[in-house]
Amino acid sequence: TVLGLITFAGAGGLLWRWRSQRARILNRPFALKDLAGGETVEDPLAELTRVVTFLQDVIIRPLDARLPGKPFEHDLLAFPFTPMVLVVGNHSAGKSTFI
């Protein structure tokens, strides 16, 4: 009975681990084109909109719901959101010239 209980607990743990890893796989509704291989994108704006919408709906919105204070709430209202870039460097390194 003890051996059976240990076997049952071990199998349950393996099943839980397999299901949690399987749940992390992202099923993308789009296929990334191999532009270096000669494939082309017919409508780049529509493709980019579809990719950004997928990322917002599948990754960002669930994160926003789980984190306290809803840190992404205002950024998601302005679609497509403006990317923010932080340029770090020493004094007179050319940060302003880069921008």
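Atom set for the values below is all heavy atoms of this structure, side chains included, hydrogens, waters and symmetry mates excluded. Bear in mind the structure is a predicted one, so any value in this text is a computation, not a measurement.
By the side-chain contact (heavy atoms from CB on, under 4.5 Å) test, L14 pairs with no residue at all, sequence neighbours left out. Listed by chain and residue number, D43, T49 satisfy the side-chain contact (heavy atoms from CB on, under 4.5 Å) test with L45 (two or more places apart in sequence, or in another chain).
Taking each heavy atom of R61 and D57 in turn, the nearest pair found is NE-OD1, 3.1 Å.
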